[in-house]
A.B. asks: 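Below you will find the structure I want to go over with you.
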Amino acid sequence: MQYWLIKSEPFKWSWDQQKEKGTEHWDGVRNYQASNNMKAMKIGDQAFFYHSNKGLEIVGIVEVVKEYYPDHTDPKGRFGMVDFKAVKDMPKPVTLKDIKATPALADMALVKQSRLSVSPVKKDEWDLISKMGGL
DNA sequence: GCCAACGTTGGC
DNA sequence: GCCAACGTTGGC
């Protein structure tokens, strides 16, 4: 069981839309590091759903329901995607500010590599953020 | 809206 | 295979 963090700009694809749709394929990733992270995902892995640009907070949790397969929106066929299903809300969204203010979370890719849109999360980071989010 | 960080492209 | 130019992301 592995944990991840995925980012979405809420005016492109928001947590509300994800919840309404239930399951959505995560297309449009055009970065090898992010793509490789998705390749490593297994069914049942969970991920934090983070709003970038606007909001800047973790608003919910999704689960991998389909493993890496080709992204049909990539004209060159180099990148793939996975499907995520909305699982639950963060009762109390955890903001980037909160994360930056927490020394135990300072090593997260979210902080260190702000442009990476799909990144791994360690179990202790996952547990701590879940607790901060009221779960 | 600006700009820093950083990944990608393409000429050599 | 190097590296400058360029494009994109995302926090502020």
Side-chain angles (χ1 to χ4, degrees):
Chain A
M1 173 75 173
Q2 294 179 96
Y3 301 99
W4 309 92
L5 183 144
I6 58 172
K7 294 184 191 179
S8 185
E9 300 177 40
F11 39 86
K12 271 199 200 150
W13 182 254
S14 71
W15 176 237
D16 281 342
Q17 285 171 291
Q18 178 78 42
K19 277 194 294 183
E20 198 175 318
K21 183 111 189 271
T23 297
E24 177 69 330
H25 49 264
W26 210 252
D27 64 13
V29 172
R30 295 291 180 269
N31 171 287
Y32 286 109
Q33 229 183 319
S35 195
N36 282 335
N37 286 333
M38 288 201 294
K39 208 179 282 182
M41 290 180 185
K42 296 275 181 259
I43 286 176
D45 281 1
Q46 296 198 315
F48 288 129
F49 191 107
Y50 174 81
H51 276 164
S52 63
N53 273 306
K54 280 272 162 56
L56 309 185
E57 56 191 11
I58 293 168
V59 286
I61 291 174
V62 294
E63 182 180 315
V64 177
V65 291
K66 182 169 179 179
E67 292 174 15
Y68 197 80
Y69 61 106
D71 179 348
H72 56 85
T73 68
D74 176 14
K76 295 189 177 160
R78 289 187 293 193
F79 296 97
M81 60 189 178
V82 299
D83 288 3
F84 290 118
K85 184 178 76 174
V87 176
K88 59 184 147 192
D89 290 307
M90 283 318 247
K92 193 170 147 291
V94 178
T95 66
L96 182 62
K97 227 168 117 190
D98 295 337
I99 290 168
K100 284 187 168 171
T102 306
L105 302 175
D107 277 341
M108 290 185 70
L110 181 67
V111 179
K112 294 196 133 176
Q113 237 183 311
S114 67
R115 292 184 56 221
L116 185 60
S117 58
V118 179
S119 58
V121 174
K122 296 194 197 83
K123 175 144 194 356
D124 48 352
E125 292 166 345
W126 180 273
D127 291 343
L128 181 54
I129 291 171
S130 298
K131 200 191 291 176
M132 288 163 69
L135 289 171

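Proteins get letters first, then strands, A, B, ... in listed order; numbering begins at 1 in each. Computed over heavy atoms, backbone and side chain alike; hydrogens, waters and symmetry mates excluded.
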A.B. asks: Measure from the side-chain heavy atoms of A:Y32 and tell me the nearest of C:dG10, C:dG11, B:dT8.
C.D. replies: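 Closest nucleotide among those given: B:dT8.
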
A.B. asks: Describe, in one word, how the ring planes of A:W26 and A:F49 are oriented to each other, choosing from parallel (under 30°), tilted (30 to 60°) and perpendicular (over 60°).
C.D. replies: perpendicular

A.B. asks: Any chance the side chains of A:T73 and A:D71 put a donor and an acceptor closer than 3.5 Å?
C.D. replies: yes

A.B. asks: OP1 or OP2 of C:dC12 versus the side-chain N and O atoms of A:K100: is any pair under 4.0 Å?
C.D. replies: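 Checking C:dC12 against A:K100, a side-chain N or O does come within under 4.0 Å of OP1 or OP2.
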
A.B. asks: Is any side-chain nitrogen or oxygen of A:K7 closer than 4.0 Å to OP1 or OP2 of C:dT9?
C.D. replies: no

A.B. asks: Taking atom types as they are modelled, is there a donor-acceptor pair under 3.5 Å from the base of B:dT8 to the side chain of A:R30?
C.D. replies: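 Donor-acceptor pair under 3.5 Å: no.
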
A.B. asks: Quick one: is A:Q113 getting a side-chain N or O under 4.0 Å of the B:dG7 phosphate, OP1 or OP2?
C.D. replies: yes

A.B. asks: Rounded to whole angstroms, how far apart are CD1 on A:I99 and P on C:dG11?
C.D. replies: 10 Å

A.B. asks: Roughly, in whole Å, what's the span from CD in A:E9 to P in C:dT9?
C.D. replies: 7 Å

A.B. asks: Using whole Å, report how far CE of A:M108 lies from P of C:dG11.
C.D. replies: 13 Å

A.B. asks: NA contact type, A:N31, heavy-atom cut-off 4.0 Å: base, sugar-phosphate, or nothing?
C.D. replies: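 Sugar-phosphate only.
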
A.B. asks: Between A:N53 and A:R115, who's closer to the 5' end of DNA chain B by nearest nucleotide?
C.D. replies: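 Here A:N53 is the residue nearer the 5' end.
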
A.B. asks: Rounded to whole angstrom units, what separation is found between the NZ atom of A:K112 and the C1' atom of C:dT9?
C.D. replies: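 It is 20 Å, rounded to the nearest whole Å.
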
A.B. asks: Between A:Q2 and A:A40 (side chain of the first, backbone of the second, donor and acceptor by atom type, cut-off under 3.5 Å), is there such a pair?
C.D. replies: yes

A.B. asks: Round to a whole Å and report the spacing from CD of A:Q33 to P of B:dT8.
C.D. replies: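 Roughly 9 Å, once rounded to whole Å.
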
A.B. asks: Is it true that A:W4 and A:Q46 share a donor-acceptor pair across their side chains at a distance under 3.5 Å?
C.D. replies: no

A.B. asks: So, A:T95 and A:D98: side-chain donor and acceptor under 3.5 Å apart, yes or no?
C.D. replies: yes

A.B. asks: Rounded to whole angstroms, how far apart are NZ on A:K97 and C1' on C:dC12?
C.D. replies: 12 Å

A.B. asks: Rounded to whole angstrom units, what separation is found between the CG atom of A:L5 and the P atom of C:dT9?
C.D. replies: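 For the pair A:L5 CG and C:dT9 P, the rounded distance is 17 Å.
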
A.B. asks: What is the distance, to the nearest angstrom, from the CD1 atom on A:I58 to the P atom on C:dG11?
C.D. replies: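 Distance check: A:I58 CD1 to C:dG11 P gives 12 Å.
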
